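Please read all numbers here as calculations on a predicted model, not as lab measurements.
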Amino acid sequence: MTQSRAGQVVDRVMSLDEDEVESLASSLLTDFSSRHRHYEQLLIRHASIVGAHLDEAPQLSKARELVLGATFTAEYSTEAAALCNPSAVLHPDQTQLKRGQARVAISLRGIGEGHISSISFCTAVVGPGEQFTFDERPLPVTTGNVTPARWRRAHLRAVLAESGTLDELRTAVLRLLPASFDAADLERALAEVHHDLLVRPGAMATVQLLRTLVASTYQVDFDDDVALAQRVLMPTAAEERNGMEDARFTRFVGDDGAVEYRATYTAYDGQRIAPRLLISQDLRSFSAHRLAGAAARNKGMALFPRLVGGRHLALCRSDGESTSLTSSSDGFVWTQPVVTQQPTAPWEQLQVGNCGPPIETDRGWLVFTHGVGAMRTYSIGAVLLDIDVPSIVLGRLAQPLLVPQDDGRDGYVPNVVYSCGAFLHDGRVWLPYGIDDARIGVAWTPLDDLLDALTPTR
């Protein structure tokens with residue numbers, strides 16, 4: 001039998017004499033302990049993963065465990081290529097602030113080697129007045145502990161219906177699942193399903209699809225002593241293995257007053273995209289979910305911060321070039337979208353879309369928009385939607401609010417200004433935005449001035 005490359009590497013590590021191993025382990029701890037949280041435990045865990053290649057599972061010295069784990073470990077710089085597309089919400093912690101200040105949590109899209117995107121964070125303090133101060137970002141950044149999360153049966157049914165016909169095998173499995181279930185429940189249902197259904201042509205492909213779908217829902221938990229700016233969400237599900245892009249966070253307030261943070265983001269597997277949902281109570285524990293429905297098929301979904309008419313609402317771009325409105329009874333399965341804004345202005349001839357979740361004002365829903373025009377130049381505008389019937393556009397800016405400047409044309413993606421979410425504080429609207437995918441800027445304006453500048457539409 002041919003030995004795998006991993007097995008050959010393990011054998012080379014095992015062939016080192018103990019003095020060499022001790023020296024290597026000492027160097028590793030000196031060079032990398034300050035760059036990683038719980039570095040020794042990390043290496044020992046990685047060593048245990050490849051331990052199956054040890055023929056007789058010999059007792060390893062701690063130094064050899066460290067060297068073995070490090071041999072199968074590599075650093076990854078999450079923002080080496082680009083940093084862009086911020087989304088801002090009020091931070092869960094508003095303590096130890098001066099009068100007129102607020103603490104802000106900002107999600108970021110970091111792009112590393114291989115154009116793989118992840119979701120990272122930073123914090124800032126806004127106010128009093130026109131002041132905006134980014135906090136220092138502490139190191140090291142760290143990923144959280146990933147565990148399976150639960151599905152609702154109705155949600156899985158909707159996702160399966162989109163992926164193909166609900167044949168006898170899929171229907172039988174759905175019938176055997178409880179209303180709320182996890183991966184273990186799925187395996188029990190598969191064990192109980194009639195054997196004849198499992199031997200039909202295509203059955204194994206269906207089983208694999210079910211397992212992949214259920215595994216795509218997961219939870220990420222960070223320890224209490226990991227600051228928000230140290231947390232990074234890396235691709236976990238198969239459909240996001242090439243990136244988690246453009247998270248749009250909103251502070252969602254339920255009809256009962258309960259607060260949670262919700263964000264849509266775009267998963268990319270290298271060929272296809274899929275809108276997904278993050279839910280968090282505190283920005284420390286996150287659950288990630290698949291979305292379904294006619295509106296969940298393109299980039300750029302943005303959630304409203306509360307129910308409207310008893311339903312979840314979201315803006316989307318289901319046709320690839322226009323802004324549409326969609327609704328959902330549960331926030332997971334979305335209806336056929338209705339177009340609300342099409343490209344009309346010279347600076348948005350290619351497409352329009354939102355720049356983050358709508359902001360509620362006493363005049364309507366304020367939505368920052370992006371338009372793509374000649375030379376694939378991205379500019380930022382704004383529209384105002386009716387507070388009760390958000391499919392109605394009440395006004396829009398005749399000219400863009402922000403356009404790329406001369407110092408923003410040569411980054412990772414040139415000629416782009418783009419945001420994934422703004423916020424209100426003390427009568428001002430604050431807009432963090434990415435500049436040519438290379439750095440983050442912040443713009444602000446008095447809310448009333450911006451609303452007064454909107455041109456009414458019929």
[X] side chain to [Y] backbone, donor-acceptor under 3.5 Å:
{"X": "T264", "Y": "M301", "result": "yes"}
{"X": "T250", "Y": "R262", "result": "no"}
{"X": "T171", "Y": "L166", "result": "yes"}
{"X": "R64", "Y": "V13", "result": "yes"}
{"X": "S216", "Y": "L213", "result": "yes"}
{"X": "T71", "Y": "V67", "result": "yes"}
{"X": "T377", "Y": "G373", "result": "no"}
{"X": "S48", "Y": "R45", "result": "yes"}
{"X": "H425", "Y": "G100", "result": "yes"}
{"X": "S26", "Y": "E22", "result": "no"}

When rounded to the nearest 0.5 angstrom, what is the spacing between [atom1] in [X] and [atom2] in [Y]?
{"X": "L401", "Y": "F368", "atom1": "CG", "atom2": "CZ", "value": "6.0 Å"}
{"X": "C84", "Y": "I440", "atom1": "SG", "atom2": "CD1", "value": "6.5 Å"}
{"X": "D319", "Y": "Q351", "atom1": "CG", "atom2": "CD", "value": "9.5 Å"}
{"X": "R428", "Y": "E130", "atom1": "CZ", "atom2": "CD", "value": "5.5 Å"}

Member of D223, D221, D224, D93 meeting the salt bridge (charged side-chain N to carboxylate O under 4.0 Å, His left out) criterion with R284 =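 It is D224; the other options fail the test.
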
| said: Which residue in the set E239, E240, E162 passes salt bridge (charged side-chain N to carboxylate O under 4.0 Å, His left out) when paired with R290? | reply: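 Among E239, E240, E162, the one meeting salt bridge (charged side-chain N to carboxylate O under 4.0 Å, His left out) with R290 is E239.
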
Please report the closest heavy-atom contact between [X] and [Y], naming both atoms and the distance.
{"X": "A247", "Y": "Y265", "value": "CA-CB, 3.9 Å"}
{"X": "P432", "Y": "S419", "value": "O-OG, 2.7 Å"}
{"X": "T236", "Y": "V146", "value": "CG2-CG1, 3.8 Å"}
{"X": "V226", "Y": "R231", "value": "O-NH2, 2.7 Å"}
{"X": "P305", "Y": "P358", "value": "CD-O, 3.6 Å"}

Practice prompt. Given ring pair (Phe, Tyr, Trp, His ring centres under 6.0 Å), test F132 with W430 step by step and report yes or no.
Written response: CA-CA 9 Å; F132 191 101; W430 296 83; 5.7 Å; yes

Holding to salt bridge (charged side-chain N to carboxylate O under 4.0 Å, His left out), I want the full list of residues that pass it with R272, two or more places apart in sequence or in another chain.
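Checked R272 against salt bridge (charged side-chain N to carboxylate O under 4.0 Å, His left out); matches are D269.
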
Is it the case that more than 12 heavy atoms not belonging to [X] sit under 6.0 Å from its [atom1] atom?
{"X": "R311", "atom1": "CZ", "answer": "yes"}
{"X": "Q94", "atom1": "CD", "answer": "yes"}
{"X": "Q96", "atom1": "CD", "answer": "no"}
{"X": "E136", "atom1": "CD", "answer": "no"}

Between T266 and D246, is there a side-chain donor-acceptor contact under 3.5 Å, judged purely by atom types and distance?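 Short answer, no.
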
(message) Could you walk me through whether V159 and F332 satisfy the side-chain contact (heavy atoms from CB on, under 4.5 Å) test, starting with their C-alpha distance in whole Å, then the side-chain angles of each, then the deciding distance to 0.1 Å, before giving a yes or no?
(response) CA-CA 10 Å; V159 173; F332 294 91; over 6 Å; no

Margin query: Tell me which pairs pass salt bridge (Lys or Arg N to Asp or Glu O under 4.0 Å) where either residue lies in residues 180-193, with sequence neighbours left out.
Written below: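 Only R150-D182, R150-D185, D185-R188, E187-R211 qualify under salt bridge (Lys or Arg N to Asp or Glu O under 4.0 Å).
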
- [ ] Before accepting this row, confirm whether a basic side-chain N of the pair R152/D330 lies closer than 4.0 Å to the acidic partner's carboxylate O.
- [x]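 A salt bridge links R152 with D330.
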
Taking the basic N atoms (NZ, or NE/NH1/NH2) and the acidic carboxylate oxygens, is any pair closer than 4.0 Å for R137 and E79?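 Between E79 and R137 there is a salt bridge, with a charged N closer than 4.0 Å to a carboxylate O.
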
TODO: Answer with yes or no after comparing the ring centroid distance for H370 and Y418 against a 6.0 Å cut-off, counting only values under it.
DONE: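 Yes, close enough.
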
Would F121 and F286 count as a close aromatic pair, with their ring centres under 6.0 Å?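 Yes, ring centres under 6.0 Å apart.
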
*asked:* Between L303 and F252, does the side-chain contact (heavy atoms from CB on, under 4.5 Å) criterion hold? Intermediate values first, please.
replied: CA-CA 9 Å; L303 305 173; F252 185 86; 5.9 Å; no

*Going through the distances and angles, do Y268 and S117 end up as a side-chain contact (heavy atoms from CB on, under 4.5 Å)?*
CA-CA 9 Å; Y268 179 52; S117 298; over 6 Å; no

One pair to check against side chain to side chain donor-acceptor pair (under 3.5 Å): S285 and Q281. What are the steps and the verdict? CA-CA 7 Å; S285 295; Q281 307 298 319; over 6 Å; no

Contact between T369 and N354 at the side-chain level, heavy atoms closer than 4.5 Å - yes or no?
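Result no, sub-4.5 Å side-chain heavy-atom pair not found.
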
Practice prompt. Among Q8, R12, M14, find the one that has a side-chain contact (heavy atoms from CB on, under 4.5 Å) with V10.
Written response: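 Of the listed residues Q8, R12, M14, the side-chain contact (heavy atoms from CB on, under 4.5 Å) partner of V10 is M14.
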
Pair H289, L291 - check side-chain contact (heavy atoms from CB on, under 4.5 Å), show working. CA-CA 6 Å; H289 306 267; L291 293 177; 5.7 Å; no

